Amino acid sequence: MSSPVSLTVITFGTFDVFHVGHLRVIERAAALGDRLVVGVSADELNLRKKGREPVFSQDERLAIVAALKPVDEVFVEESLELKRDYILKYGADVLVMGDDWAGRFDEFEDVCKVVYLPRTPAISTTAVIEKISAGS
Ligand code: C2G
C-alpha cells in the first residue's frame, strides 16, 4: 500500500501591521496543501528592501503569524536570495505568493509548484498606516 501524500506549502511576507489581506493569503495558501510554512521577512531585509523599519519587530510579526490557525511553522526570512534554500529545507511542494510578485519566482518551478494568488483589493499596510496617521 502506498503511503498517503502530504503536501507542504510555503509562503513569504513581512506581515507588518497585520490585516485581513494577510489573513486571506495565508488561508488560501493553507488550503492548497496539508502543512503551511511561513517565512517572515527579517527587520534587516525590510530595511534593505523598503528603506524603512517595519512598524512591528520581526519577533512580534513572527509571533502573530505563528498564532494563526492555518499556520504550522514559521521562520525568519533573512534574504530574498535564499528562497530556493528555504523551499528545499522545508520540503515545500508549493510556493504561494500574492500576485504583486507575479512571475518573480518562476525560476523555482524546477523544485516546486509556484502559485500567485490575487491580492485582496483595497487594503495594504501602507494604507492602514496612512489612515491612522490622518486620524480618519
Ligand atoms: N497580500 C495580499 N493582499 C493584500 C496585501 C498583501 O494578498 N491586500 C499578500 C502579499 O501579496 C504577500 C503577503 O500578503 O503574498 C504578505 O504581504 P507583505 O507583507 O506586503 O509581503 P512583502 O513585503 O511583499 O514580502 O520574500 C518575499 C517577501 O518576504 C514578501
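We count ligands from 1, going down the list as the structure has it; atoms in each ligand are counted the same way. Since we're looking at a predicted model, the values are computed, not measured.
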Note every protein N or O atom lying under 3.5 Å from an N or O atom of ligand 1, pairing the names and giving the distance.
residue, atom, partner, partner atom, Å
ligand 1, 3 (N), Thr120, N, 3.1
ligand 1, 8 (N), Thr120, O, 2.8
ligand 1, 8 (N), Ile123, O, 2.6
ligand 1, 11 (O), Asp100, OD1, 2.7
ligand 1, 15 (O), Gly98, N, 3.0
ligand 1, 19 (O), Thr14, N, 3.1
ligand 1, 19 (O), Phe15, N, 2.8
ligand 1, 21 (O), Thr14, N, 3.3
ligand 1, 23 (O), Thr14, OG1, 2.7
ligand 1, 23 (O), Lys49, NZ, 3.4
ligand 1, 23 (O), Lys50, NZ, 2.7
ligand 1, 24 (O), Trp101, NE1, 3.0
ligand 1, 25 (O), Lys49, NZ, 3.3
ligand 1, 26 (O), Glu77, OE1, 3.2
ligand 1, 26 (O), Glu77, OE2, 2.6
ligand 1, 26 (O), Lys83, NZ, 2.5
ligand 1, 29 (O), Ser41, OG, 2.8
ligand 1, 29 (O), Glu77, OE1, 2.6

Problem set entry | Carboxylate-amine/guanidinium proximity below 4.0 Å for Asp99 and Arg119 | no
For this session: Establish, for the pair Lys83 and Phe12, whether the NZ or CZ atom is under 6.0 angstrom from the six-membered ring centre and no further than 45 degrees off its axis.
Result: yes
Exercise. Can you tell if the side chain of Phe75 reaches within under 4.5 Å of the side chain of Val40, non-hydrogen atoms only?
Worked result: no
For this session: Check step by step if ring pair (Phe, Tyr, Trp, His ring centres under 6.0 Å) holds for Phe56 and Phe15.
Result: CA-CA 9 Å; Phe56 296 131; Phe15 303 107; over 10 Å; no
Exercise. Is any NZ, NE, NH1 or NH2 atom of the basic residue among Asp16 and Lys50 found under 4.0 Å from an Asp or Glu carboxylate oxygen of the other?
Worked result: no
Seminar exercise, completed: d(Leu36 CG, Tyr90 OH) to nearest 0.5 Å is 12.5 Å
